[in-house]
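Report on the following structure.
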Amino acid sequence: MADQENSAPGSQADKPLDFIRQIVTQHQQQGGQRVITRFPPEPNGYLHIGHAKSICLNFGIAQEFSGQCHLRMDDTNPTKEEQEYIQSIQEDVRWLGFDWGQHYYHASDYFAQLYDWAILLIEAGKAYVDDQSAEEIRINRGTLTDPGRNSPFRGRPIQENLELFSAMREGAFPDGSKVLRAKIDMASPNLNLRDPVMYRILHASHPHAGNSWCIYPMYDWAHGQSDWIEGITHSICTLEFENHRPLYDWFVESLIAAGAQVPKVGYRPHQYEFARLELTYTLLSKRKLLELVKSDVVRGWDDPRMPTICGYRRRGYTPQAIRNFVTEVGVGKFNSTIDIGRLENALRDDLNRRASRRMAVLQPIKIIIDNYPENQVEQMEAANNPEDPSAGTRLIPFSREVYIEADDFRETPPPKYFRLAPGQEVRLRSAYWIRCTHVDKDSAGNITAIHCTYDPQTRGGSNPPDGRKVKGTIHWVSAAHAISAEVRLYDHLFTAADPSDVPPGKDWKVNLNPQSETVIAAAKLEPSLNDSPVGTSFQFERLGYFCVDRDSQPSRLVFNRSVSLKDSWAKEQKRK
RNA sequence: AGGGGUAUGGUGUAACGGUAGCACAAGCGCCUCUGGAGCGCUUUGUCUAGGUUCGAAUCCUAGUACCCCUGCCA
C-alpha cells in the first residue's frame with residue numbers, strides 16, 4: 001500500500017512520531033502485548049472527515065505496528081441507530097482503504113456479558129436500582145461546585161437490587177421508571193463518578209440485537225468493557241472522554257475485584273485521548289449534519305458539499321488524498337482548526353499525479369477562424385498527463401469554429417492579460433496559434449463571436465519558425481464536435497470560517513452559503529469524455545479536477561468540480 | 001466557582017536541558033504548450049512574570065487564555 005512509507009516504527013529514518021505512536025512504540029519495546037486498536041463508531045449517522053482521522057489513526061497504528069484493528073459498532077442506543085448507518089460505516093472504512101479482517105463486532109454482542117457483570121457489581125454492593133425520575137437524578141447530581149446528594153434508594157439491600165434489576169430486564173417496568181446506577185461517590189469533583197447510570201429501560205427494538213432487550217447499557221458502562229473483552233491494548237478516543245477514563249478504570253477494576261475475567265485477556269486496555277479534527281468553513285456535528293439532510297438544505301448524506309466520507313467520495317476526493325491529509329495534520333492534544341485549504345491541497349496533489357487531462361469550456365464563447373478551411377477537421381494529439389508520460393496521448397478534433405472560455409477574451413484587456421484580445425495572439429492548447437482580428441456584436445452590444453486568424457506553421461501548438469512567442473495558452477473545444485454536459489461547481493457550505501460562530505439569537509443556518517452550488521447546464525466538452533464511467537476523475541485543463549457524478553445519464557454527463565486548480569491570475573486580480 | 005486538559009510563526013506540527021526545524025499559507029524570482037505542476041530564495045514563533053542552570057520551548061513558582069464535564073446521548 002502506498003501509505004506505508006513509514007518503515008519500522010521507531011527506526012531512525014522515520015519522521016517524528018506523534019505522542020500516541022510514541023506510547024505504542026514504547027509499549028512494543030517493553031515487550032507489551034501485540035497491539036490491538038479499534039474504531040468504535042455509533043451507527044447513528046454517516047462517517048465524516050473527523051472520523052477519517054480516527055480511522056487512519058487506529059487502523060494506521062495497527063498496520064505500522066503489526067497489530068490488528070477492530071471495527072466495532074457502538075450500538076447501545078437503539079432509539080438513534082439504524083441499519084442504514086451500519087452499512088454506510090462499513091463501506092466508508094473499506095473505501096478509505098482499511099480492512100478489519102475477522103474483527104467486526106457490535107457492542108450489542110456483549111449485552112449478555114454486560115448484564116451478568118452488572119449483577120456481579122450489584123452483588124459486590126457496587127450498583128443499585130434507583131427509582132428516582134430523570135429530573136430527580138439531575139437535581140441530586142449537584143453542580144460543578146456543589147456535591148450531589150445520595151439517592152434515597154442508594155442503600156437498597158443487595159437482594160432487592162437483584163430482584164428489581166431482573167424485573168427490569170424482564171420488562172416489568174415502563175421506560176424511565178428505574179435505572180441501574182453504579183455506587184461510587186456523589187461528592188466526586190468528577191461528575192462522571194457521581195453514581196453514573198449503567199442501564200436505562202428502553203422498550204425499543206434494536207437494529208442488531210432485535211427485540212431481546214428492553215434495558216440497554218449506557219455508553220460509559222459498555223465501552224470500557226467492550227474494549228476489555230476484545231483485548232484492546234490502546235483505546236484511542238477524543239479529548240472529551242478524558243474525564244470518563246477514571247470511570248472506565250473503576251468499572252474494570254471493580255469487576256476484576258469481584259472476580260470477573262475475560263478469557264485469554266490477561267491485561268486491560270488503556271485509554272489515550274487526542275484532539276478531534278476541526279476544519280474551517282466546515283461543521284462536523286452529526287446532529288447538525290443530520291439536520292441539513294432532513295431539512296433538504298443538501299440533497300443527502302452524500303451531497304458533494306457534505307463533509308461526510310461519502311460526500312467527499314461523490315465530490316471526487318480520493319482515499320489517498322484523505323489519508324495524506326490526515327497524516328499531514330498530525331495528532332496532538334491541542335484543540336486546533338485546520339485550514340480547509342489543506343484538504344483541498346491534498347486532493348490537488350494526489351489528482352495531479354493521476355488524473356487524465358481533458359479540455360472543457362464552462363462559459364463558452366465562439367471563435368471563428370476565418371482563414372481556416374471550412375469543413376476541414378484535423379485530429380490534434382494531446383498528452384493525457386504531462387506529469388506521467390505513460391498515460392499516453394489522445395486525439396482531439398479541431399475545426400474552423402471553436403469555443404473558448406468567455407473569461408479568456410477581453411475586448412479591452414487589463415495590464416498583463418496574456419489571453420485573447422483584439423490584435424493579441426494566443427496558443428490554443430495542442431492546436432494552433434490564433435490572433436484576434438475583430439468581434440461580432442448583437443444590437444445590444446454583446447459579443448456574439450470572435451474572429452481570428454490562425455498560423456498554419458504552429459500546428460500542434462508548436463512555436464513558429466520566425467521565433468515569435470506567446471504568453472498565453474488557452475483551452476478550447478471544437479464547436480461541431482463538442483458534447484454538452486452539466487457541470488456542478490461547489491464552494492464551501494458555510495460562509496463563515498467558523499460556522500458555529502452565530503450572532504446571538506440567530507440560527508446556525510444563517511452561516512450557510514447560498515452559493516455553495518452553481519450548476520452549469522451546458523458546458524462544452526471534448527468528445528473523448530463521452531461514456532466516462534461514474535466516479536472517474538479528470539483534470540479539465542486550467543479549471544480544476546472534475547469527477548463524473550452518479551446523476552449522469554448515457555446521453556448527458558454530469559460532472560462535479562472536486563476542487564479548482566490554483567489560479568494565480570485570479571489571486572492577483574483579487575488582491576487589487 | 002470544583003475537576004480534567006491544552007498553550008511554539010498566519011495555520012498546523014517537531015525539538016524530550018545544548019544551533020527553535022518541517023509542512024501549508026504568504027512574498028519574491030526561475031521555468032513552463034495548463035497564469036497548473038515543478039524549482040530556488042525570503043518574511044513571520046516558544047502565553048506572561050519571576051526563578052534554577054554555563055545553557056530553558058523543555059525544570060520550578062505564580063499568573064493568564066482557551067477547551068471539556070451538571071443526558072436515562074455517544
Side-chain angles (χ1 to χ4, degrees), chain A residues 15-18 22 40-42 44 74-77 79-81 130 132-135 137-139 141-148 175-181 188-194 196-202 215-216 218-220 222-223 237-246 273 275 280 286-287 328-339 341-342 345-346 348-349 352-353 357 359 382-383 385-387 416-419 426-431 433 458 460-463 470-475 539-544 564-573:
Chain A
K15 284 181 271 187
L17 299 172
D18 59 69
Q22 284 179 29
E42 185 193 14
N44 68 341
D74 237 324
D75 52 354
T76 54
N77 186 355
T79 65
K80 291 188 176 168
E81 295 152 9
D130 195 344
Q132 291 182 109
S133 67
E135 175 76 355
I137 288 178
R138 186 176 59 76
I139 290 167
R141 184 153 29 227
T143 69
L144 295 180
T145 47
D146 304 318
D175 288 5
S177 57
K178 285 179 171 47
V179 291
L180 183 73
R181 288 230 257 173
S188 173
N190 182 345
L191 296 253
N192 296 119
L193 262 20
R194 317 243 264 228
V197 172
M198 295 166 63
Y199 278 95
R200 73 284 218 189
I201 301 171
L202 244 33
I215 57 170
Y216 289 94
M218 298 291 289
Y219 171 86
D220 276 348
H223 191 76
C237 66
T238 45
L239 253 25
E240 68 270 28
F241 293 106
E242 215 154 13
N243 292 328
H244 296 239
R245 185 170 4 112
E273 306 88 5
T280 56
K286 272 194 188 176
R287 202 201 92 231
E328 277 166 22
V329 301
V331 181
K333 295 196 70 146
F334 178 66
N335 276 307
S336 59
T337 303
I338 311 294
D339 188 330
R342 296 283 294 265
N345 229 353
R348 286 191 193 99
D349 192 53
N352 179 46
R353 296 164 221 241
R357 315 287 127 128
M359 289 201 282
N385 188 345
E387 305 291 314
K416 288 205 183 158
Y417 185 79
F418 302 148
R419 284 113 96 151
V426 296
R427 168 168 33 229
L428 292 180
R429 173 135 239 231
S430 307
W433 291 21
T458 57
S462 58
N463 294 354
V470 277
K471 285 280 236 181
T473 298
I474 63 175
H475 58 279
Q539 185 196 98
F540 289 174
E541 295 218 40
R542 302 210 302 136
L543 296 175
S564 65
L565 244 30
K566 275 198 251 175
D567 187 345
S568 55
W569 166 251
K571 196 168 83 177
E572 200 180 321
Q573 295 301 298

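Sequence lines set the chain letters: A, B, ... in the order given, protein chains first and strands last, and positions in each chain run from 1.
Spacing between B:U70 and B:G2 at atom C1', rounded to whole Å, works out to 11 Å. Across the C1' atoms, B:A25 and B:G9 are found 11 Å apart, a figure rounded to whole Å. As rounded to the nearest Å, B:U61 and B:A26 have P atoms that lie 43 Å from one another. Here the separation of B:C30 from B:A7, taken at their C1' atoms, is 40 Å to the nearest Å.
Remark: RNA chain B forms stems of 3 or more consecutive Watson-Crick or G-U wobble pairs, all pair distances under 3.5 Å, at B:2-7 with B:64-69, B:10-13 with B:21-24, B:26-30 with B:38-42, B:47-51 with B:59-63.
One finds no side-chain N or O of A:K333 lying less than 4.0 angstrom from the OP1 or OP2 phosphate oxygen of B:C67. Of the side-chain N and O atoms in A:Q22, one or more sit less than 4.0 angstrom from OP1 or OP2 of B:A15. Contact between the side-chain N/O atoms of A:R348 and the OP1/OP2 oxygens of B:A37 is not found at any separation under 4.0 Å.
Every residue meeting the salt bridge (Lys or Arg N to Asp or Glu O under 4.0 Å) condition with A:D349, not counting sequence neighbours, appears here in chain and number order: A:R353. For the side chain to side chain donor-acceptor pair (under 3.5 Å) test, no residue two or more places apart in sequence or in another chain qualifies with A:N345. Under the salt bridge (Lys or Arg N to Asp or Glu O under 4.0 Å) criterion, A:D130 pairs with A:R181, sequence neighbours left out.
Nucleic acid contact for A:Q539: base, since at least one base atom lies under 4.0 Å from a heavy atom of the residue.
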Next on the checklist: Base contacts versus sugar-phosphate-only contacts with protein, heavy atoms under 4.0 Å: please encode nucleotides 69-74 of chain B as B, S and - from 5' to 3'.
Outcome noted: BBSBSB
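Because its glycosidic torsion is within 90° of 0, B:G71 is reported here as syn.
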Contact list (N/O, under 3.5 angstrom) for nucleotides 20-24 of chain B vs protein:
unit_1	atom_1	unit_2	atom_2	d
B:C24	O3'	A:N345	ND2	2.9

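Heavy-atom nearest nucleotides on RNA chain B were determined for A:G330 and for A:L543, and the one closer to the 5' end corresponds to A:G330.
Among A:R287, A:K286, A:E81, the one residue that satisfies the side-chain hydrogen bond (donor to acceptor under 3.5 Å, both in side chains) test with A:N44 is A:K286.
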Item to check | Test log, rule side chain to side chain contact (heavy atoms under 4.5 Å, CB included), inputs A:R348 and A:Q539 | outcome: CA-CA 10 Å; A:R348 286 191 193 99; A:Q539 185 196 98; over 6 Å; no
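Counted by atom type alone, A:E240 and A:T238 present one or more donor-acceptor pairs between their side chains at under 3.5 Å.
For A:R419 against B:G35, a side-chain-to-base donor-acceptor contact under 3.5 Å is present.
Remark: the backbone N or O of A:W433 is paired with a side-chain donor or acceptor of A:T458 at under 3.5 angstrom.
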